[in-house]
Structure formats: C-alpha cells, structure tokens
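Data first, discussion second: the structure below is written as structure tokens.
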Amino acid sequence: MKLSRRTILQGVGSLPFAVASLRAGAMAQTASAATPSTEVPPILFVHGNGDYDALWMTTLWRMESNGIARERTMAINFTDPLARSDDKVEQANRSSTEDQRRELTAAIAELKRRTGAARVALVGSSRGGYAIRNVIKNGTAGDVSHAVLCGTPNHGVFATDDQPNNEFNGRGEFLRGLNAGDSEVTAGVAFLTLRSDGLDKYAQPDGRFIGKPGTPTNVTAEGPELKGATNLALGALDHREVAFHPRAFREIYRFIAGREPTRIAIVPETSVTLSGLVTGTPGGVPTNRPVAGATVDVFRVDPDTGERKGGALHNSKTGADGRWGPAQVDPTWSLEFVLTSPAAPTTHFYRSPFPRSSEVVHLRPARPLGPADKDAGAVVIMSRPRGYFGLPRDVVLFDGKEPADVKPGVPTDAAATLRLPAGEVGRNIVAQFGEERIVARAWPAAENRIAIAELTY
C-alpha cells in the first residue's frame, strides 16, 4: 500500500482536450495505438449520482489508445443511478447504497469471467466511489487490485447531525461505517483519490452549493482524501473533471499501469461504429432503464452550419432492451442524432466527430418544455456532461456570448439554455467550449422539439 501524500498539481490549462489529427489526408499518418498490454488488470469504471456509463467514453478511448484491449475494460450502468433522500427508505426509481453494492459486485464478477483475471481495478466518479468502497469493505476485497476515487465526497457533501440516513452526510451511518478505524482504506487494495484544489462544488465549507447558503457544511476541499491512500489534488479542475479530464486520465492510467501513458491524445480509427441505449426520466428522475419504441435517426451535418448533408445514415427503433444502432460513420463527421421517444420532446443532439467506435452513445430525451419556454420559438441547450462550465476559468460562448445562466466562480453548471423568438427558428447556433465547437440548428418549439449541442470533451 502506498503511503498517503498530498500533492498539488498545477498547469491544468496546458492540457486541452486532445484528439489526434483528423485532417483530410492525415489519417494514414496517424500514430497507431500502443502495443496491447496484458500486465494491466482489467478496469471497471463506475459512474456517479444520476449519471451513466457513457461519461467514461473518452476515458475508454484513451485507454484503447494506450494499448488496453477493449474487452479488458467495462463501464457499469446502474439501473437507478440517483441516490435516495434517506438510504433506508424506498424511493421510486432511486437506489440505495446496498442496491449499488449489489450491482457493482455482479459487474466485477462479469469482468472477471470475461477476462479470466483474478482481480480487477475499479475507477469511480463521485458517488461511484461509494459503491467501490462499499464493495471492498463489505464485499470481496480480494477481487480488487486498485481503487481510484475521483471527486468522491469521502467525508460527505455535508457533515451535520440532521439527515443521519443520507448517504452524503459525513456524520451519517453509511460514511461513518466506511471511514471507521485508523486507516480509511482496506489492506491489500491500492487506493488513489483525485480531487480539485478548491473548485469542487461538493467539497465546499459553505452550504450555498447544496441549497443552504451561510450554513457550514463542516467539509473542506480535502474532503475526498482518505487516510492510507495516495491523495492527489489536480489544481483547478471541477467535480466532474477530476474523473473525465485528460489530466485525470494520466493519473488513473499511471496509478493502475505503474507507468506513464504513451499518449494522452485519442488515436482515431479509420472506421467508426456507434451504438447505445435510450433511457428515460420517469417522474423527472434520470434512470438507466431502457425505453422501448424510441426511434433514432443519425445524420451527417456540416460542421460550420449544422445543416444536414444528405439523408439519414442510420434509422432504428428500440426494442425491449432499449438499444439503438449500430451506425457506421466516418471519424471526421459532425453528427446529428434525432431521438423520438414516447411522451418526450423530439430531441436533436448535435455532436463533434467520434474518433473511435463506442457502444455507450446513450440518449436521454430533453426534459419537457415548461413554463419558462412558453414564449420561445425555439429552445437550444449547450450541455457538457463530463465537466462544468467555469467562468472566468474557461472559454464558454453560446451564440457568441457567455451564457447568462452560467454562474461565475466555483463551476456548478453543466448546461446553458438559449430561448429564441419565433422569427429565429431555423438559424444556426454556435456552442463553443475551449477548443470544441458545435453548430446546432434551432428547431421549432411549437413542434415539441429541442436541440442540444452536447460537448464530448
């Protein structure tokens, strides 16, 4: 077991999202992925509260680009990813800590079966780290070689005497159980924690980020650290970025593989196959339960205008398993995914080119149009699932301006919404975050349509 240490790693801004060149004529010259390695244990990635396995897509690509065979990685999709308000009281479409422990235990067994490995490495984002620690402490620690916890609120989002059965309460029964003893880790498993140096909205001393401004949380920026672990602070990254940013990938890979990655850039494939899962939000709760009877159309679009270039490349209707695809695309193409799902708005997702194949291109429809949208001719959303928008930290431009609904300071917002008058329906809208630029089209809200410019990086 490595000794605990606290290291502040600066220079985050020097690592923009990295994808190897996709310029025309450059494909043949693109560096191939590193030689596959069999010494690295299989790796199972665990998403956070309300999320899904698709968030690990860029990390999986980077693993593949460093020679980790695709079949030796896996990402779990918890059935009901959102936590209960009270861990001991059933709540529709929400999960308990025991639900997650049980599902993760089954996923570990499946990855071991698939690979024949005796032990696997686990990497978790936020709440996903709770499931990892629960499995190791209250399950079979012998199945796990490494545990990497990214932004996991190991000492709570808050630590108070109220809500004793809330799993995010550092003084609650669940976390007190995990943190009991002189060491907060389990012998025989190598632990690494990755955290932000002050920009994690769930590791703040004031309760304003959890709806209680002016109330002490009794939690600090060091809250994700564990006694007995290797503890790293990754500078000015936010709560999600400490799992999904290239900077985080470097530390995850180095800790599990025992060496520096050969490259951070994603190595493109010459041909790309995409597929995924359509899920829903029953009662407004995000779930990973499959939706049957949804239609998915995929179009190639002009990266500068968002206009479609020809007819649909792919059309499919989901069955009971909720799966769509496979769709064959070129790694240089910007894409529009049109999701028509029962009892939900028709959602147009605009995406940057996919440099590699993926089976986790999941689609959840946009939330229903509400009172705030009643006078809008069109509604366009800019979404960043793998991080938050930080102002003034980041370049964030939506239709040429910094979004008014993104709060400055500690990054807390992963989406911005633009409502356009009826006279502007059909025009293009540019969503810019750092080096990633997506052009979406404004579809008529009167037809129950919403456009989402979904950032990949």
Side-chain angles (χ1 to χ4, degrees), residues 1 41-53 56 74-91 94-112 119-159 163-195 202-203 219 223-229 231 243 252 288:
M1 181 67 62
I43 306 172
L44 175 57
F45 295 92
V46 188
H47 64 73
N49 196 38
D51 291 334
Y52 42 43
D53 57 359
W56 294 108
M74 178 175 161
I76 190 172
N77 218 21
F78 287 117
T79 304
D80 295 314
L82 203 62
R84 296 175 177 176
S85 302
D86 184 317
D87 194 40
K88 298 182 181 299
V89 178
E90 286 195 20
Q91 229 175 328
R94 292 177 180 246
S95 57
S96 67
T97 54
E98 177 57 24
D99 291 334
Q100 295 223 321
R101 188 196 67 79
R102 185 176 58 252
E103 288 195 44
L104 182 55
T105 298
I108 292 170
E110 169 58 22
L111 184 56
K112 287 180 61 182
R119 306 176 83 191
V120 304
L122 302 178
V123 180
S125 167
S126 192
R127 188 194 183 202
Y130 286 173
I132 289 173
R133 294 185 67 196
N134 202 3
V135 161
I136 292 172
K137 185 156 188 173
N138 301 309
T140 309
D143 289 339
V144 181
S145 61
H146 301 74
V148 183
L149 313 177
C150 310
T152 298
N154 285 308
H155 295 93
V157 174
F158 59 94
Q163 302 182 68
N165 294 327
N166 187 301
E167 69 180 82
F168 298 106
N169 186 352
R171 294 182 187 171
E173 180 180 341
F174 175 69
L175 283 179
R176 282 192 294 107
L178 290 183
N179 295 332
D182 294 333
S183 176
E184 296 173 334
V185 301
T186 301
V189 179
F191 276 80
L192 169 67
T193 72
L194 301 178
R195 69 168 178 84
Y202 295 120
V219 172
E225 296 186 355
L226 289 175
K227 291 182 291 185
N231 298 299
I252 294 167
N288 292 322

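Here, residue 1 is the first one in the sequence, and each next residue gets the next number. Because the structure is predicted, anything quoted here is derived from the model rather than measured.
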### Query
Step by step, would you call Phe78 with Val46 a side-chain contact (heavy atoms from CB on, under 4.5 Å)?
CA-CA 9 Å; Phe78 287 117; Val46 188; 3.5 Å; yes
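- With respect to Lys88 and Glu173, a salt bridge is recorded, a charged nitrogen being found less than 4.0 Å from a carboxylate O.
- Nearest heavy atoms, Asp51 versus Pro81: O-CB, 3.3 Å.
- You'll find the side chain of Phe168 reaches within 4.5 Å of the side chain of Asn49, heavy atoms only.
- One finds a salt bridge joining Arg102 and Asp99 here, because a Lys/Arg side-chain nitrogen approaches an Asp/Glu carboxylate oxygen to under 4.0 Å.
- Between Glu167 and Arg84 there is no salt bridge, since no side-chain nitrogen of the basic residue lies less than 4.0 Å from a carboxylate oxygen of the acidic one.
- A side-chain donor-acceptor contact under 3.5 Å links His155 to the backbone of Gly223.
- Shortest non-hydrogen contact noted between Asn134 and Arg101 is ND2-CB, 3.7 Å.
- For Asn166 (side chain) and Asp86 (main-chain N/O), no donor-acceptor pair under 3.5 Å exists by modelled atom type.
- For Asn179 (side chain) and Arg171 (main-chain N/O), no donor-acceptor pair under 3.5 Å exists by modelled atom type.
- Remark: Ser96 OG to Glu90 CD distance equals 8.5 Å, nearest 0.5 Å.
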### Task
Take Ile76 and Leu104, measure what side-chain contact (heavy atoms from CB on, under 4.5 Å) needs, and give me the verdict at the end.
CA-CA 7 Å; Ile76 190 172; Leu104 182 55; 4.3 Å; yes
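- For the pair Ser145/Val120, no side-chain contact is recorded, criterion being any heavy-atom separation below 4.5 Å from C-beta on.
- Of all heavy-atom pairs spanning Pro153 and Tyr130, the tightest one is O-OH, 2.7 Å.
- The main-chain N or O of Thr79 is found under 3.5 Å from a side-chain atom of Glu103 such that the two form a donor-acceptor pair.
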### Task
Decide side-chain contact (heavy atoms from CB on, under 4.5 Å) for Val185 and Arg133; before the verdict, give the C-alpha distance in whole Å, the side-chain angles of both, and the deciding distance to 0.1 Å.
CA-CA 8 Å; Val185 301; Arg133 294 185 67 196; over 6 Å; no
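- Atom CZ of Phe158 sits in a crowded spot, with more than 12 heavy atoms from other residues, nucleotides or ligands closer than 6.0 Å.
- Between the CG atom in Asp182 and the NZ atom in Lys227 there is a gap of 6.5 Å [rounded to 0.5 Å].
- With Thr193 as the fixed residue, the side-chain hydrogen bond (donor to acceptor under 3.5 Å, both in side chains) test singles out one of Asn231, Thr152, Asn154: Asn231.
- At distances below 3.5 Å, not a single donor-acceptor pair connects side-chain atoms of Lys137 with backbone N or O atoms of Ile132.
- Ser126 OG to Leu149 CG: the interatomic distance, rounded to the nearest 0.5 Å, is 10.5 Å.
- Considering every non-hydrogen atom in both Asn77 and Tyr52, the closest pair reads OD1-CB, 3.2 Å.
- Residues Ile108 and Val135 meet the side-chain proximity criterion, which asks for heavy atoms closer than 4.5 Å.
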### Message
Evaluate Phe191 against Ile136 for side-chain contact (heavy atoms from CB on, under 4.5 Å), listing each step before the verdict.
### Response
CA-CA 11 Å; Phe191 276 80; Ile136 292 172; 3.8 Å; yes
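- The minimum heavy-atom distance between Ser95 and Gln100, with the atom names listed, is OG-NE2, 3.6 Å.
- With a 4.5 Å cut-off on side-chain heavy atoms, Asp80 and Arg94 do not count as touching.
- Arg119 places no side-chain N or O within 3.5 Å of a backbone atom of Pro41 that could act as its donor or acceptor partner.
- Between Leu122 and Ile43 the shortest side-chain heavy-atom distance does not fall below 4.5 Å.
- Minimum heavy-atom separation, Trp56 to His47: NE1-N, 3.5 Å.
- Salt bridge present: Lys112 and Asp143 bring a charged side-chain N and a carboxylate O closer than 4.0 Å.
- Between the Asp87 side chain and the Thr97 main chain, a donor and an acceptor come within less than 3.5 Å of each other.
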